[in-house]
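Since the structure comes first, as structure tokens, the remarks are kept for the end.
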Amino acid sequence: MSTLGRRLQTLFKRKGIGRYGYIQEVQGVPFYEARPPWWAKFTWGFIAADLLMTSTMTELTWTKWSLPPEKSGEAPVVLRPAWQRAGLCLAHLSLGVGFATLLLIARSRVVRILHIIPPAADAPKQLLIAGAHRHGMRGAVVPFERARIDPGRDKTEVILRIQDVRGHWWIGLTRARLRGTPVPAARMRDALLAEWGIRKSAGGDPVASVGRWKSGPILQN
């Protein structure tokens with residue numbers, strides 16, 4: 001299996017404990033829904049351009065990379081040794097495939113749908129996550145108790161993390177819908193904080209502990 005395939009398989013894999021999460025259809029109106037950023041919409045276009053450039057550079061390196069002329073003014077006619085050309089071709093391919101892999105992984109970690117599944121008689125409260133790479137209303141389901149949210153770079157984004165799962169998910173708050181209704185970023189942020197039980201200070205800001213939000217009851221201002 002290719003490196004790209006193995007890397008994508010680890011997105012919902014627990015550390016040493018098989019696959020983490022299963023795919024399910026959203027029932028009802030999602031708790032959170034937002035359009036992915038512009039770059040996520042054109043991921044395949046970027047990958048196509050990347051592969052075109054990679055293949056072109058690889059071909060030119062293998063067929064045209066020659067030794068410098070012995071005398072000034074002479075046109076080089078001798079190709080470099082095969083091991084030199086092969087090494088540079090490998091570097092081109094590695095960079096091209098690596099960039100495409102990063103794009104696919106980054107796209108899958110942009111949250112498009114976030115749905116909270118209430119507890120049932122035979123199941124605890126769960127969280128459904130659909131990245132920008134998924135179409136429709138399907139997403140991966142994980143136990144809600146293993147999910148936490150952290151502050152992003154500013155008040156227009158939130159970071160989602162799942163216990164025992166590598167990496168994190170990015171939640172954009174601008175142009176988001178809360179249960180189907182468009183809301184400002186501040187309203188969406190407050191709804192997420194309330195759902196996760198994040199404490200708020202008297203000034204209205206989430207209480208931070210070592211750079212992270214602290215779970216607990218929400219204090220009324």
Side-chain angles (χ1 to χ4, degrees), residues 11-12 21 24-47 49 99-118 125-142 144 146-162 165-216 218-221:
L11 292 181
F12 285 102
Q24 178 177 313
E25 194 86 15
V26 174
Q27 302 296 326
V29 181
F31 171 78
Y32 162 92
E33 188 174 7
R35 294 180 179 179
W38 67 269
W39 62 265
K41 299 178 182 178
F42 299 102
T43 298
W44 289 112
F46 290 139
I47 291 177
F99 179 71
T101 302
L102 288 176
L103 276 178
L104 290 174
I105 294 175
R107 180 171 176 250
S108 69
R109 292 307 179 101
V110 173
V111 177
R112 185 175 62 87
I113 292 176
L114 204 63
H115 188 57
I116 298 171
I117 304 173
K125 186 177 181 180
Q126 300 182 89
L127 180 68
L128 183 147
I129 309 167
H133 66 303
R134 295 194 182 277
H135 299 285
M137 304 294 284
R138 294 169 60 83
V141 177
V142 297
F144 187 88
R146 295 185 178 275
R148 80 166 194 262
I149 55 175
D150 292 334
R153 294 169 297 181
D154 52 38
K155 294 185 178 181
T156 64
E157 62 181 47
V158 168
I159 300 301
L160 172 69
R161 301 182 190 276
I162 307 297
V165 178
R166 299 183 183 94
H168 64 270
W169 284 259
W170 179 84
I171 302 175
L173 305 180
T174 57
R175 297 184 299 175
R177 291 177 177 269
L178 175 60
R179 298 186 176 91
T181 303
V183 294
R187 175 71 184 90
M188 189 70 245
R189 186 168 179 262
D190 288 344
L192 288 168
L193 293 175
E195 197 64 40
W196 262 267
I198 306 298
R199 292 198 305 117
K200 298 181 73 175
S201 66
D205 292 326
V207 175
S209 176
V210 195
R212 298 176 179 175
W213 285 333
K214 182 178 179 181
S215 298
I218 295 180
L219 302 179
Q220 297 295 331
N221 295 335

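- When all heavy atoms are compared, the tightest approach of Leu173 to Lys155 is CD1-O, 3.4 Å.
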Going through the distances and angles, do Arg161 and Asp150 end up as a side chain to side chain contact (heavy atoms under 4.5 Å, CB included)? CA-CA 8 Å; Arg161 301 182 190 276; Asp150 292 334; 2.8 Å; yes
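- Around atom CH2 of Trp44, no more than 12 heavy atoms belonging to other residues, nucleotides or ligands sit under 6.0 Å away.
- The two residues Arg138 and Arg134 make their nearest non-hydrogen contact at O-CD, 3.5 Å.
- Here CZ of Arg109 is found 12.5 Å from CD1 of Ile171. Values are rounded to the nearest 0.5 Å.
- Ring geometry for Phe42 against Trp38 counts as tilted: the plane angle lies between 30° and 60°, on a 0 to 90° scale.
- Here the OH atom belonging to Tyr32 is positioned 10.5 Å from the CZ atom belonging to Arg112, to the nearest 0.5 angstrom.
- Between Arg148 atom CZ and Leu160 atom CG the span is 9.5 Å, to the nearest 0.5 Å.
- Here the side chains of Val142 and Val165 are not in contact, with every heavy-atom distance at 4.5 Å or above.
- Put simply, the side chain of Leu192 reaches to within 4.5 Å of the side chain of Phe31, judged on heavy atoms.
- From Ile159, atom CD1 reaches atom CZ of Arg153 across 7.5 Å, with rounding to the nearest 0.5 Å.
- When all heavy atoms of Pro36 and Ala40 are compared, the closest pair comes out as CB-CB, 3.9 Å.
- The CD atom of Glu33 sits 13.0 Å away from atom CZ of Arg175, with the distance rounded to the nearest 0.5 Å.
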Begin from the C-alpha positions of Leu114 and Ile129 and carry the test side chain to side chain contact (heavy atoms under 4.5 Å, CB included) through to its verdict. CA-CA 5 Å; Leu114 204 63; Ile129 309 167; 4.0 Å; yes
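- The nearest pair of heavy atoms linking Ala147 to Leu127 is CB-CD2, 3.8 Å.
- Annotation for Pro37 and Val110: closest pair CD-CG1, 3.5 Å, computed over non-hydrogen atoms.
- Separation of atoms CD1 (Ile47) and OG1 (Thr101) is listed at 8.0 Å; rounding is to 0.5 Å.
- A 4.5 Å side-chain heavy-atom check between Leu104 and His133 finds every atom pair outside the cut-off.
- Contact between Trp170 and Glu157 at its shortest, heavy atoms only, is NE1-OE1, 2.9 Å.
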